[in-house]
There are 2 protein chains.
Amino acid sequence: MESTKERITYAALQLFAEKGYQTVTVKEIADKVNIKAPSLYKHFKNKQEIFTSCKDLFYHRMHEVHDQLHMPDSTRPAFAYQSATTQKIIEIAENLFEFYLTDEVAANFRKILLIERYHNKELNQMYEEIFIDGAIDYEEKVFAELVEQGAFKKTEPHLLAIKFYAPIYFLIQKYEQRTESIEEGKEALKQVIIEFCQLYSNKEG
Amino acid sequence: MESTKERITYAALQLFAEKGYQTVTVKEIADKVNIKAPSLYKHFKNKQEIFTSCKDLFYHRMHEVHDQLHMPDSTRPAFAYQSATTQKIIEIAENLFEFYLTDEVAANFRKILLIERYHNKELNQMYEEIFIDGAIDYEEKVFAELVEQGAFKKTEPHLLAIKFYAPIYFLIQKYEQRTESIEEGKEALKQVIIEFCQLYSNKEG
DNA sequence: GTCTATAGTTAGATAGAC
DNA sequence: GTCTATCTAACTATAGAC
């Protein structure tokens, strides 16, 4: 059972991701939910609040999944890097890739951030925290730990993080517009990560 | 001497890159050129034609620079891969990075493509041709040639292309919103590419 | 909580004077 | 080729009936 408020939020999320906030009209959102535009205002004060609802939905979903997957999250305390293994970082890469491509909320809000960040300071900060600096900082810590443990060869963690994360970042943007070929993308990712691990890890695999 | 038509195109280019096509009003464009909105219509038939003018400007600039730098361009005949050397691919990476971050036309239109591609088939195709498949195809050919020449170790060209290109792609998106720190980005790029070449090339450098 | 009707505003674009 | 004045259409949002 989905409430009308939730249906509006999901409809708006899809439309904002496709066209951007300003381009989407409240009538379009209403049409998608099969109600008339003025009825929206019984659920939300105004258009901006619908957007806020999308943002809240994404934050909630992201924290939930990042927690599950022990993924980057600059707004929460650090997770146990001690448990990092080569196998685990492969899993992290695959989960990250899959989450931001197939999860409806994550995939759409990622697009929204990409679109809106050029004229919205807050959303730009959010994008950088999640997909640029935040992600790199996290990977850096993971690799620093792996190097210290002796699991990885002594290498500069920042460069290692870029080499590891950049292909994930690139492949997400490559396959976001062709979700029917996601398996192909996953395969490419896997190969890149495996080669990466063979190069820099001391153990095999 | 810049014509009013050119001044309008450049003003629109900046605004579209920041806010997206729909969000920008013709009044905003006019304000930036210090004329009144109706005067725009003496230079362009409508708003859409201003956008077309931005696109044409970018295409012209891109072909010009890609030719100069022997860079990817799926709409033109292939360049002489025979002349590819390790030193040259480092230069290609740096030039690509610098062009799409510092050239006013290229940097702004790249943002426009990123913003508009989710709801515009033509622009999505253009983005993929320039920044995704086109770029990867080009690098793939370069590396295939380098491998055949014996300059590079025998490696799967497609994976090599992703490993080479993804960091460029990522760093462009990292530094596009902080052009004051571009030198830092250039340094990171250089290090990544140098390490890349050390790993895969047979000769040094 | 849905609707119809409509207010209030702003957008893109045109007409016509200078 | 610039301007002022203005048209028309579209959008956000409100009022009030059901």
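Just so you know, these numbers use all the heavy atoms, side chains as well, and skip hydrogens, waters and symmetry mates. Quick caveat: nothing in here was measured; it's all calculated off a predicted structure. First the proteins, then the strands, lettered A, B, ... as listed; each starts at 1.
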Whole angstrom is fine here: how far is it from OH in B/Y41 over to C1' in C/dA13?
5 Å
Please enumerate all residues that pass salt bridge (charged side-chain N to carboxylate O under 4.0 Å, His left out) together with [X], with sequence neighbours excluded.
X	result
B/K19	B/E28
A/E148	none
B/E140	none

Show the atom names and distances, to 0.1 Å, of all donor-acceptor pairs under 3.5 Å that link a side chain in residues 166-174 of chain A to residues at least two apart or in another chain.
from: A/Y169; atom 1: OH; to: A/Y127; atom 2: OH; distance (Å): 2.5
from: A/Y169; atom 1: OH; to: A/Q173; atom 2: NE2; distance (Å): 3.3
from: A/Y169; atom 1: OH; to: B/Q173; atom 2: OE1; distance (Å): 2.5
from: A/Q173; atom 1: OE1; to: B/Y169; atom 2: OH; distance (Å): 2.5
from: A/Q173; atom 1: OE1; to: B/Q173; atom 2: NE2; distance (Å): 3.1
from: A/Q173; atom 1: NE2; to: B/Q173; atom 2: OE1; distance (Å): 3.1

Contacts under 3.5 Å, N or O only, protein and nucleotides 1-4 of chain D:
from: D/dT2; atom 1: OP2; to: B/H43; atom 2: NE2; distance (Å): 2.5
from: D/dC3; atom 1: OP2; to: B/K36; atom 2: N; distance (Å): 2.5
from: D/dC3; atom 1: OP2; to: B/S39; atom 2: OG; distance (Å): 2.8

Residue pairs involving residues 10-30 of chain B (criterion ring-ring contact (aromatic ring centres under 6.0 Å, His included); sequence neighbours excluded)
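ring-ring contact (aromatic ring centres under 6.0 Å, His included) check on residues 10-30 of chain B returns B/F16-B/Y21, B/F16-B/F51, B/Y21-B/F51.
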Side-chain donor/acceptor pairs under 3.5 Å, residues 185-194 of chain A, sequence neighbours excluded:
from: A/K186; atom 1: NZ; to: A/E98; atom 2: OE1; distance (Å): 2.9
from: A/K186; atom 1: NZ; to: A/E98; atom 2: OE2; distance (Å): 3.3

For DNA chain C, determine which residues of residues 11-27 of chain A have any heavy atom closer than 4.0 angstrom to one of its atoms, and list them numerically.
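Output list: empty, so none.
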Check side-chain hydrogen bond (donor to acceptor under 3.5 Å, both in side chains) between A/D103 and all other residues, then give those that pass, not counting sequence neighbours.
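Testing A/D103 for side-chain hydrogen bond (donor to acceptor under 3.5 Å, both in side chains), a comparison that skips the adjacent residues, returns A/R61.
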Counterpart residues, ring pair (Phe, Tyr, Trp, His ring centres under 6.0 Å), relative to B/F196 (two or more places apart):
B/F143, B/F164, B/Y200
Residue set satisfying ring pair (Phe, Tyr, Trp, His ring centres under 6.0 Å) with B/F109, at least two apart, ordered chain then number -> B/F58
Would you confirm whether the ring centroid of A/Y165 sits within less than 6.0 angstrom of the ring centroid of A/Y138?
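They do not qualify: ring centres at least 6.0 Å apart.
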Close approaches to DNA chain D from residues 44-51 of chain B, in residue order (heavy atom, under 4.0 Å)
none
